[in-house]
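Everything numeric here is computed off the predicted structure, so don't read it as measured data. Reckoned from all heavy atoms, side chains included, excluding hydrogens, waters and symmetry mates.
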Amino acid sequence: MAASKLKNVVFLIASGSRNLGGTCARNVVERGGKVVLCDSVSMKDAGEELQQSLGQKDFMFVPTDLSQEDDVRNALKLTKEKFGRLDVTINCLIYIYVK
């Protein structure tokens, strides 16, 4: 099998721990990539489940309020500290406003 083009590529995935974001994280890590998944504190259980499943070498969950600039900066800082860089971002945040 040919080497994956995702090998050692560093992703930051915003939100969706229980659905699209979690699925993206699993697929990236399974193909040799590295993932930081940031999602709200209320999704901490889902993030920790992924952490347990994917391991700490190539995955990190960071509880993040994506509406707060300081939280986002912290997630970026932790990504750089753990993996040395950031290559790709994926936004899975869905906001629905009903009037």
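The list of salt bridge (charged side-chain N to carboxylate O under 4.0 Å, His left out) pairs with a residue in residues 71-80, not counting sequence neighbours, reads Glu69-Arg73, Lys77-Glu81. Applying the salt bridge (charged side-chain N to carboxylate O under 4.0 Å, His left out) rule to pairs touching residues 10-31 yields nothing, sequence neighbours excluded.
Rounding to the nearest 0.5 Å places OG1 of Thr64 at 7.0 Å from CG of Asn74. To the nearest 0.5 Å, the span separating CG on Leu93 from CD1 on Ile13 amounts to 13.5 Å. If you take CG on Leu50 and CG on Asp45, they are separated by 11.5 Å, rounding to the nearest 0.5 Å. Here CG of Asn91 is found 7.5 Å from OG1 of Thr89. Values are rounded to the nearest 0.5 Å.
Panel note: side chain Ser53, backbone Glu49; no donor-acceptor pair is recorded below 3.5 Å. Listed for the Gln51 side chain is a donor-acceptor partner under 3.5 Å among the backbone atoms of Phe59.
Residue Leu20 shares its hydrophobic cluster (ILVMFWY side chains chained together at separations under 4.5 Å) with no other residue.
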Which pairs would a plain distance check flag for residues 33-43, meaning a side-chain donor or acceptor within less than 3.5 Å of a matching protein atom at least two apart in sequence or in another chain?
from  : atom 1 : to    : atom 2 : distance (Å)
Lys34 : NZ     : Asp58 : OD1    : 2.8
Asp39 : OD1    : Ser15 : OG     : 3.4
Asp39 : OD2    : Gly16 : N      : 3.2
Asp39 : OD2    : Ser17 : N      : 2.9
Asp39 : OD2    : Ser17 : OG     : 2.9
Ser40 : OG     : Ser42 : OG     : 2.8

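With sequence neighbours excluded, the residues that form a side-chain hydrogen bond (donor to acceptor under 3.5 Å, both in side chains) with Asp65 are Ser67. For Asp87, the side-chain contact (heavy atoms from CB on, under 4.5 Å) criterion is met by Val9, Val10, Arg85, not counting sequence neighbours. Judged as a side-chain contact (heavy atoms from CB on, under 4.5 Å), and not counting sequence neighbours, the contacts of Lys44 are Glu48, Phe61.
Cluster annotation: Val29 and Ile90 are assigned to the same hydrophobic cluster (Ile/Leu/Val/Met/Phe/Trp/Tyr, side-chain heavy-atom contacts under 4.5 Å, transitive). Residues Leu54 and Val88 share a hydrophobic cluster, clusters being chains of Ile/Leu/Val/Met/Phe/Trp/Tyr side chains in contact below 4.5 Å. Linking Ile, Leu, Val, Met, Phe, Trp and Tyr residues whenever their side-chain heavy atoms come within less than 4.5 Å leaves Phe11 and Leu66 in two separate clusters.
Under the 4.5 Å side-chain criterion, counting only non-hydrogen atoms from C-beta, Leu76 is in contact with Leu86.
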